[in-house]
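In what follows, every chain begins at residue 1, and chains take the letters A, B, ... in the order their sequences are listed.
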Amino acid sequence: MSNEEVARAFREIAALLELKGDSPFHARAYEKAADAIERAGDLVGLAREGRLTEIGGIGKGLADKIGYFLATGTIPMLDELRKEIPKGVVELARIPGLGPGRIRALRESIGIESPEDLQSALAEGRLSGVKGFGPKLLEDLGRALRLWTESRGLRLHRAGRRDAEEVLGALLALGAAEAAIAGDLARWREIVGDLSLVASHPSPSEFLAAAASRFPGSMIEGTTLRFSSASGLPVRVRVVPPSSFGAALALAVASPAHRAALERLAEERSLTLGEDGLLEEGRLLPARDEAALYAALGLPLLPPEIREGSGEIEAALRGPLPGLLVREEIRGAVHVHSAWSDGTASIREMAEKAIALGFEYLAIADHSRSAGYAGGLSIERLLAQGEEARSVAAETAPFRIFHGVESDILANGALDYPDEILEALDFVVSSVHSRFGLSREEQTARLVAAVRNRFTTVLGHPSGRLLLTREPYAFDADAVWDAAAETGTAVELNAHEERLDVDWRELPKLRERGVPIWIGSDAHAPDEMGDLDLAVHIARKGWIGPCAVLNTLPADAFAEAIRRKRR
DNA sequence: GCCGTTTTCGGCCCGACTGTTTTCAGTCG
């Protein structure tokens with residue numbers, strides 16, 4: 001059993017205790033223990049030697065629970081809590097605006113046990129009598145519930161990919177000649193609502209029948225098998241003979257707009273694009289791979305992530321497409337947190353991991369002093385951290401460590417350290433962490449002021465959206481991008497999955513304005529640092545090439561680039 | 001539930017905001 005599994009169980013206990021209404025400190029003890037467990041080394045070894053209580057935050061009681069969990073795989077207390085707190089109540093806690101207190105009030109006063117209950121109570125006006133629930137709160141809850149409803153059948157990219165890869169493996173194991181992931185997932189959409197795959201087999205009907213018995217609850221419709229994935233996403237697998245695999249895959253990957261553009265192009269060439277591929281005078285042109293289909297239309301094979309119908313076909317017909325960013329070109333792990341604020345590891349540990357991952361430099365940016373909840377750094381601690389960063393750097397050379405901060409943007413657009421302190425740092429990530437509810441005008445002015453600040457190197461997670469959870473705050477993106485272009489300020493593409501905060505449709509606007517991108521890992525633990533795949537593919541979706549990305553620069557050029565604005 | 005003692009219980013990271021109150025509880029980051 002891994003430390004993560006134990007930590008996850010403890011976090012669940014903490015969440016359930018909170019919902020139950022136990023002392024918040026009781027719940028927090030489990031949360032702190034979960035943090036400690038993640039950071040602890042060989043948990044199993046420590047348990048064997050009876051040394052679990054040497055871990056800070058683990059006392060006798062928790063040590064016993066860990067030992068029992070490691071031995072049996074269960075924690076009776078957790079099982080009890082799961083029985084006690086209905087799933088719907090846990091789901092309620094995911095709705096912004098609903099914390100343990102309000103959920104308890106809703107349960108006790110009118111018996112709300114799930115978001116569905118809340119929805120009908122809201123519709124029937126049964127909430128207006130509940131103490132503490134005024135008109136504004138009801139309005140906010142209504143909005144949050146709508147977002148929750150819309151998000152219900154959706155998954156973040158990585159969750160969708162996990163499911164799809166499981167299906168893919170099963171198809172290959174069943175003897176598919178070829179199989180591939182298609183649909184939104186293949187185009188690296190950040191959110192998916194269904195999964196699409198294509199498989200080939202010499203006898204499609206035979207394979208469909210075999211696959212149908214492999215996936216419970218599946219249905220065959222023509223050449224397509226439908227069922228539900230592990231996490232409940234609808235899956236469709238199209239099965240074709242090998243000679244049609246390329247065409248079928250290309251069609252299943254294409255967005256509707258891309259497909260329409262392909263159809264128009266086919267028409268211009270007196271061809272027809274049908275379900276099985278290109279037809280010339282009623283005769284099917286074989287396309288064993290996607291490149292064959294594109295070639296028949298006079299196109300190079302386009303990367304899946306740009307097949308969105310946003311001008312890629314026209315551009316490809318005009319000439320070679322610009323080179324898109326690839327993961328290996330990222331040389332620096334930037335916007336990284338350490339245990340100085342709310343990260344789990346020391347600067348040295350983060351540096352060692354970055355080196356192991358093949359990075360050439362690290363840009364440390366812990367939380368600033370306004371972020372008390374995250375252990376934000378006072379001026380004294382920030383300066384002390386700088387000392388430590390330099391001393392670690394002296395030992396890790398030629399690997400470089402840049403010392404900066406993730407400074408809160410205050411409501412008036414100011415950063416939360418005096419200029420002379422910011423001056424001493426290598427760079428500043430300026431981010432909004434509060435006051436999401438400002439008016440569009442106020443929020444725009446705030447962001448523009450932060451961008452214009454000569455110490456702001458990069459605007460961190462600019463929109464404030466949390467995928468599937470929270471809408472972006474209201475602001476005029478064009479005005480902010482203009483200010484960034486004018487002042488040479490970079491904009492962050494945050495690699496934390498929920499925080500993939502700049503919509504890919506905005507990226508071309510940044511590219512056209514010449515605004516540098518910075519792919520910030522926002523890592524809080526060593527293991528999160530290398531996880532840049534999704535962000536890189538989102539950058540590619542926005543047609544971002546390596547030149548536009550600051551942390552593809554070699555260390556010296558990066559150092560120069562992050563200082564340039566201040567002169 | 002842990003921790004550190006003021007050795008047997010009280011404090012635990014906190015500041016700002018918001019809406020609902022009419023002095024504060026709940027949420028958020």
Task: Partner nucleotide of B:dT8 by Watson-Crick or wobble geometry (both distances under 3.5 Å) - done: none
Open item on the list: The criterion is ring-ring contact (aromatic ring centres under 6.0 Å, His included); which residues satisfy it with A:H157, sequence neighbours excluded?
Closed with: A:W188
Task: Shortest non-hydrogen contact from A:S109 toward A:V130 - done: OG-CG1, 3.6 Å
Task: d(CG, A:L98; C1', B:dA25) in whole Å - done: 15 Å
Open item on the list: Return the CD1 to CD1 distance between A:I517 and A:I544, rounded to the nearest 0.5 Å.
Closed with: 4.5 Å
Task: Separation of atom CG in A:L52 from atom C1' in B:dC2, rounded to whole Å - done: 15 Å
Task: Nearest-angstrom distance from the residue atom NE2 of A:H26 to P of B:dC2 - done: 8 Å
Open item on the list: In this structure, how many angstroms lie between the P atom of B:dT27 and the CZ atom of A:R94, rounded?
Closed with: 17 Å
Open item on the list: Given B:dT27, B:dG1, B:dC13, identify the nucleotide with an atom nearest to the side chain of A:P100.
Closed with: B:dT27
Task: Given DNA chain B, 5'-ward residue of the pair A:M77 and A:K32, judged by closest heavy atom - done: A:M77
Open item on the list: Taking B:dT6 as the reference, what is the distance to B:dG1 when you measure between their P atoms (whole Å, please)?
Closed with: 26 Å
- [ ] Name the residue closer to the 5' end of DNA chain B, choosing between A:I95 and A:A374 according to the nucleotide with the nearest heavy atom.
- [x] A:A374
Task: Integer angstrom distance from the C1' of B:dC13 to that of B:dT8 - done: 25 Å
Open item on the list: Using modelled atom types and a 3.5 Å cut-off, is there a donor and acceptor pairing between side-chain atoms of A:S120 and backbone atoms of A:E116?
Closed with: yes
- [ ] Please report, rounded to the nearest Å, how far the C1' atom of B:dT8 is from the NZ atom of A:K60.
- [x] 18 Å
- [ ] Step through it carefully: locate the ring centre of A:F427, locate the ring centre of A:F402, and say whether they are under 6.0 Å apart.
- [x] no
Task: Whole-Å gap separating C1' (B:dC12) and CG (A:D35) - done: 14 Å
Task: Rounded distance (Å) that lies between atom C1' of B:dC3 and atom CD1 of A:I58 - done: 13 Å
- [ ] Rounded to whole angstrom, note down the C1' distance from B:dC9 over to B:dC14.
- [x] 23 Å
Open item on the list: For the C1' atoms, the ones on B:dT5 and on B:dG11, what distance do you get once it is rounded to whole angstrom?
Closed with: 11 Å
Open item on the list: Under 4.0 Å, counting only non-hydrogen atoms across every strand here, what does A:G101 touch: a base, just sugar-phosphate, or nothing?
Closed with: sugar-phosphate
Open item on the list: I need the CD1-P distance between A:I66 and B:dG1, as an integer number of Å.
Closed with: 13 Å
Task: Per-nucleotide protein contact string for nucleotides 14-22 of chain B, where B marks a base within reach and S marks sugar-phosphate only (heavy atoms under 4.0 Å, - for neither) - done: ---SSSSS-
TODO: Could you measure between the two P atoms, the one in B:dT20 and the one in B:dT27, and give it in whole Å?
DONE: 13 Å
Open item on the list: Which heavy atom of A:G160 sits nearest to which heavy atom of A:R155, and what is that distance?
Closed with: N-CB, 4.3 Å
TODO: Only pairs at least two apart or in different chains count here, so list each ring-ring contact (aromatic ring centres under 6.0 Å, His included) that has a residue in residues 24-75 of chain A.
DONE: A:F10-A:Y30, A:H26-A:Y30
- [ ] Check whether the side chains of A:H337 and A:E528 place a donor and an acceptor atom closer than 3.5 Å, and report yes or no.
- [x] no
